[in-house]
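Predicted model only: the values in this text are computed from it and were never measured.
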Amino acid sequence: MKKIKLDSKTIKKIVISVLLFFALVVQISFLSYLFKAISPNKSKKDILMSYTQSGNLDYKVYLKENEFIDNKYLNAGEAYILDLIDHIQITSLYDFKSTTKTNVVGTNKMVAKLKVYYKESTDKNNNPEVMNKEKTLDEKIMNFTSDKYATASSYDLYLNEYLDKLKNFQSKVKIAVDGYLEISFVNAFNGKVGGASYNDSYSSTLKVPLSQSVVKIENTKKNPKTKNVYEGDLVKTNKTVMTYIIVANIVTFIIICVLLKQLFAFTNKTEYERELSKILRNYDDIIVNTSTMVNKEDYKIIKIEEFKEMLNLSRELLLPIMNYEVKKGEETIFYITKDGILYIYSLISKKELSDKKEK
């Protein structure tokens with residue numbers, strides 16, 4: 001069998017191709033981790049846990065003593081005379097269920113927002129908001145390790161404070177306004193399961209009109225909310241690992257680009273072209289391109305074997321190196337003239353060198 005002889009160019013191409021293959025494999029692996037972490041289309045087999053949240057705000061409207069209504073309070077969903085309301089007893093209900101035990105830490109907050117709108121038109125949705133005041137009425141810590149959690153709390157909300165603020169604002173700005181009081185029960189938490197972290201929230205809201213004589217309270221009821229925690233969240237959870245993967249992706253991408261550049265350079269350029277490009281790029285400050293060549297017969301010719309020697313000679317004589325392209329893509333001459341001496345370094349392609357030997 002004949003031995004296959006490989007030149008240095010071919011060997012370098014093989015080495016670069018192998019390195020490029022391994023770099024691409026590493027890049028694909030890193031990208032798969034990232035894709036698994038951030039992909040919204042995750043399969044059911046990757047689910048670590050499913051959980052459902054549900055809740056609601058229930059209320060009773062307690063009345064001031066009056067000669068018109070005998071009842072102490074009215075139930076939810078009725079119409080109420082604003083001036084007869086003493087306070088609203090709000091009961092918040094919240095329920096959490098999961099398919100496996102999980103550790104959850106968060107807060108249950110009841111928040112009141114006084115919102116005032118300029119009564120610009122009959123279309124209330126387009127009226128601009130002119131005041132917004134927020135106040136936390138109640139806040140409790142939520143902390144459990146279980147697959148079930150439920151809580152119920154009650155709060156008595158008196159409207160006088162907010163009605164006074166609305167009247168005070170209206171008397172100062174002298175404009176027609178609509179005022180509302182929004183009472184929200186907000187659950188916000190961070191959870192952990194199987195090494196993965198997740199966070200979520202759930203809220204319910206009541207809306208009480210404050211600019212009408214007879215009011216109906218709007219209860220924005222939400223449907224139960226179900227979400228999943230996936231294995232991909234494990235990567236998200238470990239911020240250190242996530243950071244390393246992102247950095248490794250960037251570094252691997254840079255390496256791939258460098259290897260591709262070198263591979264294309266080997267593929268598209270001859271050794272002569274690469275050497276010429278390297279010389280012109282690195283020493284363009286002392287090389288002068290010329291379109292004509294001096295008459296060699298007028299000089300004593302000294303041939304220089306390496307360009308480094310030409311470079312040292314240029315620096316020693318404080319003279320530029322002249323560059324003349326004899327044959328495009330095949331032969332270039334670098335020369336220096338001094339005191340009747342012509343110093344020449346010839347860069348010749350293998351093809352041109354072979355042709356000259358044959359002649």
pair Leu159-Leu82: side-chain heavy atoms closer than 4.5 Å: yes
Heavy-atom side-chain contact between Leu137 and Leu157 under 4.5 Å: yes
Connected via hydrophobic side-chain network under 4.5 Å: Val111 and Leu57: no
Same apolar cluster (I L V M F W Y, side chains within < 4.5 Å links), Ile304/Leu317: yes
Side-chain donor-acceptor pair present, Tyr94, Gln53, cut-off under 3.5 Å: yes
Test side-chain contact (heavy atoms from CB on, under 4.5 Å) applied to Met293 and Tyr335, step by step: CA-CA 9 Å; Met293 180 67 186; Tyr335 66 91; 3.5 Å; yes
NZ/Lys225: more than 12 non-hydrogen atoms of other groups inside 6.0 Å: yes
Whether Ser211 side chain and Gly179 backbone form a donor-acceptor pair below 3.5 Å: yes
Close side-chain approach of Pro320 to Ile286, heavy-atom, < 4.5 Å: no
Lys60 to Tyr73 six-membered ring, cation-pi geometry met (6.0 Å, 45°): yes
Pair Ile217-Tyr59, side-chain contact (heavy atoms from CB on, under 4.5 Å): steps then yes or no: CA-CA 10 Å; Ile217 298 175; Tyr59 63 92; 3.6 Å; yes
Charged N-O contact under 4.0 Å between Glu78 and Lys216: no
Thr332 and Glu325 side chains, donor-acceptor separation under 3.5 Å: no
Check: Tyr283/Ser314 side-chain N/O donor and acceptor closer than 3.5 Å: no
Side-chain (Ser197) to main-chain (Lys192) donor-acceptor, under 3.5 angstrom: no
Heavy atoms of other groups near Lys64 NZ, more than 12 under 6.0 Å: yes
Close side-chain approach of Asn143 to Val104, heavy-atom, < 4.5 Å: no
Main-chain N/O of Asp164 paired with Asn168 side-chain donor or acceptor, under 3.5 Å: no
Verdict with reasoning, Ser50 to Thr99, per side-chain hydrogen bond (donor to acceptor under 3.5 Å, both in side chains): CA-CA 6 Å; Ser50 296; Thr99 55; 4.9 Å; no
Transitive ILVMFWY side-chain link Val186 to Val208, under 4.5 Å: no
For the student: nearest non-hydrogen atoms of Asp58 and Ala76, plus distance: OD1-CB, 4.0 Å
Gap between atom CG of Asp178 and atom NZ of Lys119 - 0.5 Å precision: 4.5 Å
Residues, nucleotides or ligands: over 12 heavy atoms within 6.0 Å of Glu297 CD: no
cation_pi(Lys115, Tyr180) dist<6.0 Å, angle<=45: no
Heavy-atom pair with the smallest gap, counting every atom of Tyr202 and Lys222: OH-O, 3.3 Å
Min side-chain heavy-atom separation Thr252-Ile250 under 4.5 Å: no
Heavy-atom donor-acceptor pair, Lys207 side chain to Ile183 backbone, under 3.5 Å: no
Inter-residue atom distance Met131.CE - Glu129.CD, 0.5 Å rounding: 9.5 Å
Between CG on residue Leu114 and CG on residue Leu210, distance to nearest 0.5 Å: 6.5 Å
Contact check, side chains of Val173 and Val130, non-hydrogen atoms, under 4.5 Å: no
Ser204 OG to Met110 CE distance, which is reported to the nearest 0.5 Å: 10.0 Å
Gap separating the CG atom of Leu163 from the CG atom of Asp83, nearest 0.5 angstrom: 8.5 Å
Residue pair Ile279, Ile287: steps toward the side-chain contact (heavy atoms from CB on, under 4.5 Å) verdict: CA-CA 9 Å; Ile279 292 173; Ile287 294 177; 3.7 Å; yes
From CG (Leu74) to CG (Leu84), nearest 0.5 Å: 9.0 Å
Joint cluster assignment, Leu181 & Tyr118, ILVMFWY side-chain distance < 4.5 Å: yes
Single-linkage hydrophobic cluster Tyr272~Leu280, side-chain heavy atoms < 4.5 angstrom: yes
Atom CG of Asn295 with >12 non-hydrogen neighbours under 6.0 angstrom: yes
Pair Lys296-Ile344, side-chain contact (heavy atoms from CB on, under 4.5 Å): steps then yes or no: CA-CA 10 Å; Lys296 295 181 181 180; Ile344 289 180; 4.2 Å; yes
pair Ile321-Phe307: side-chain heavy atoms closer than 4.5 Å: yes
Side-chain (Thr290) to main-chain (Asn323) donor-acceptor, under 3.5 angstrom: yes
Asn228 and Tyr230: side chain donor to acceptor below 3.5 Å: yes
Considering all heavy atoms, the nearest Phe189-Met142 contact: CB-CE, 3.7 Å
Pair Tyr149 + Phe96: ring centers closer than 6.0 Å: no
Among Val288, Thr337, Val294, side chain to side chain contact (heavy atoms under 4.5 Å, CB included) partner for Met322: Val288
Lys148 with Asp95: basic N within carboxylate O range, under 4.0 Å: no
Between Thr205 and Ser184: side-chain donor-acceptor atoms closer than 3.5 Å: yes
Taking every non-hydrogen atom, the tightest pair across Pro209 and Val215: O-CG1, 3.3 Å
Short side-chain donor-acceptor distance under 3.5 Å, Thr145 and Asn103: yes
Test ring-ring contact (aromatic ring centres under 6.0 Å, His included) applied to His87 and Tyr155, Tyr62, Tyr162, the passing residue: Tyr62
Ser153 side chain to Ser92 side chain, donor-acceptor N/O pair below 3.5 angstrom: yes
Any donor-acceptor pair under 3.5 Å from Asn66 side chain to Ile69 backbone: yes
Donor + acceptor pair across side chains of Tyr51, Asp200 (<3.5 Å): yes
Shortest non-hydrogen contact between Leu63 and Asp86, atoms and distance: C-CB, 3.8 Å
Exercise: identify the closest heavy-atom pair between Ser154 and Thr91: OG-OG1, 4.0 Å
Student check: side-chain heavy atoms of Ile256 and Leu20 closer than 4.5 Å: yes
